[in-house]
Amino acid sequence: MVYVELLKEKESELTQYEIKELQEEVRRLAREKNAVILSHYYQRPEVQDIADFVGDSLELSRKAAQTNADIIVFCGVRFMCETAKIVNPTKKVLHPNPESGCPMADMITAKDVLRLKEEHPDGEVVAYVNTNADVKAVSDLCVTSANAVKIVQKLDSRKVIFIPDQALGNWVKKHVPDKEFIIWQGFCPPHFEFTAKEVQKLKELYPDAKLAVHPECHPRVIELADFVGSTSQIINYATTCDAKRVIVITEVGLKHTLMKKNPEKEYIFPESMNYCGSVYCCTMKGITLPKVYQTLKEEINEVKLPEDIIEKAKRPIIRMLEMST
Ligand code: 13P
Ligand code: SF4
């Protein structure tokens, strides 16, 4: 494997043959080193295809907690790698691109959370898992888009401080009307900025299609949807519903799994429409096959967190895993 340095320079131009060769080499290394490769659905298709497991945020945190592998290569954004480290601190967790963070996670700091707690001492801080480790460390409970409504419904406290995603916060609030919500105004740029007007155009073009959207989308987009759910919930809905065509408003990486699971259907993602924008997460796509290869081969880009942060951040994550079984 002398070509990896070259591949790094032209990773977007790999031939099918080079991709296959590199994928085989990554799998060989994973076996040799007893490494498990985890991938989020928003990853590039060629990265998803080398993973031992592809899943949504909740499924991936469960897998990370359960694995017996010595090394976890996490193909996702930074908060996901941190979660894997927090639930399994003795393992070596490698992040193929340490620069791949989540812009929404960076929209709130631990200091902001402490101030919110001071202002609302009777509130419970519910943190979307898309938060940095130090923010989790000062939160009471984590949720993902797959379990947020169910978990918040189970809480005893009447006041919920929901951070950092306003879209998911409003979605949960709608389903839990008996609680008071303080909602932080963070958002996921790719999902939140996709407009209802663009969705209407797609609906007019495909009047027979069902519309499935992620709860990180703008409330006006959510209003138009036939189904709202996390990535794995969308997969389940889109591949099994009656409609032959489904318009899907979430990150385009999901199309790969949909096509694999049920190629009989047509999945319409906005990126294919030249008059629409797209829902494309640049940081998720910052993980490339050559980066995965180099990271595993050289065992670089290890995720490191201070011990006290691991200890404190573990509580809200474990509480979530227990409450969502
Ligand atoms: P889920 O996989 O939980 O649906 O989350 C989507 C997301 O934006 C992760 O960053
Ligand atoms: Fe963050 Fe949105 Fe990208 Fe998910 S899709 S990692 S929430 S920016």
Side-chain angles (χ1 to χ4, degrees), residues 38-44 47-48 51 53-64 74-84 95-108 126-133 135-136 142-152 162-169 171-172 184-194 212-218 221-222 225 227-238 248-258 269-271 277-287 317 320-321 324:
L38 303 180
S39 164
H40 190 266
Y41 289 122
Y42 295 165
Q43 291 294 297
R44 295 164 185 267
V47 171
Q48 292 188 36
F53 182 79
V54 186
D56 72 3
S57 311
L58 179 62
E59 295 163 338
L60 290 167
S61 47
R62 281 209 186 102
K63 284 280 167 195
F74 208 118
C75 303
V77 287
R78 192 181 310 118
F79 75 81
M80 296 180 169
C81 306
E82 288 181 347
T83 304
H95 187 196
N97 185 352
E99 282 172 20
S100 279
C102 164
M104 174 162 64
D106 294 337
M107 290 179 191
I108 191 162
V126 177
Y128 189 17
V129 75
N130 300 34
T131 40
N132 295 319
V135 168
K136 288 189 175 82
C142 284
V143 292
T144 74
S145 53
N147 61 21
V149 171
K150 279 196 181 142
I151 286 190
V152 173
F162 196 95
I163 61 160
D165 186 16
Q166 57 176 292
L168 185 63
W171 174 246
V172 176
W184 192 255
Q185 296 300 294
F187 60 93
C188 159
H191 282 95
F192 200 71
E193 286 168 4
F194 195 77
V213 316
H214 195 277
E216 287 173 8
C217 289
H218 196 282
V221 169
I222 288 182
F227 180 81
V228 181
S230 75
T231 45
S232 53
Q233 291 165 343
I234 290 178
I235 291 166
N236 190 32
Y237 172 81
V248 184
I249 311 296
T250 194
E251 216 281 345
V252 64
L254 198 73
K255 195 170 188 172
H256 188 58
T257 303
L258 290 172
F269 280 73
E271 40 89 55
S278 68
V279 184
Y280 182 89
C281 179
C282 302
T283 53
M284 279 282 185
K285 298 297 195 274
I287 311 291
I317 299 172
M320 168 186 80
L321 293 176
S324 61

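Note that ligands are numbered from 1 as they come in the structure, with each ligand's atoms numbered from 1 the same way.
- Residues R62 and S324 share a closest heavy-atom pair of NH2-O, 3.1 Å.
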### Message
Run Q166 and W184 through side-chain contact (heavy atoms from CB on, under 4.5 Å) and show every step you take.
### Response
CA-CA 6 Å; Q166 57 176 292; W184 192 255; over 6 Å; no
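- F74 approaches A84 most closely through the heavy-atom pair CD1-CB, 3.7 Å.
- In the model, T257 has a side-chain atom that pairs as donor or acceptor with a side-chain atom of Q48 under 3.5 Å.
- The side-chain contact (heavy atoms from CB on, under 4.5 Å) test with H214 singles out one residue from I249, T231, V279, and that residue is T231.
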### Task
List the steps, then state whether side-chain contact (heavy atoms from CB on, under 4.5 Å) holds for Q43 with H256.
CA-CA 9 Å; Q43 291 294 297; H256 188 58; over 6 Å; no
Would you mind writing out the side-chain donor-acceptor pairs for residues 98-107 within the sub-3.5 Å range, not counting sequence neighbours?
| from | atom 1 | to | atom 2 | distance (Å) |
| --- | --- | --- | --- | --- |
| S100 | OG | T283 | O | 2.7 |
| D106 | OD1 | N132 | ND2 | 3.0 |

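- Short contacts between ligand 2 and Y42, defined as distances under 4.0 Å to a heavy atom of the residue, involve ligand atoms 5 (S).
- Listed by chain and number, residues touching ligand 1 at under 4.0 Å (heavy atoms only) are H40, Y42, D56, S57, F79, M80, Y128, N130, S145, H214, E216, S230, T231, M284.
- Listed by chain and number, C188 SG are the protein N/O/S atoms closer than 2.8 Å to atom 2 (Fe) of ligand 2, with waters left out.
- Aromatic ring orientation, Y237 versus F227: parallel (interplanar angle below 30°, classes split at 30° and 60°).
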### S232 vs Y41, side-chain hydrogen bond (donor to acceptor under 3.5 Å, both in side chains): CA-CA, chis, key distance, verdict
CA-CA 8 Å; S232 53; Y41 289 122; 5.3 Å; no
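- Residues forming a side chain to side chain contact (heavy atoms under 4.5 Å, CB included) with A51 (at least two apart in sequence, or on another chain): I37, S39, V54.
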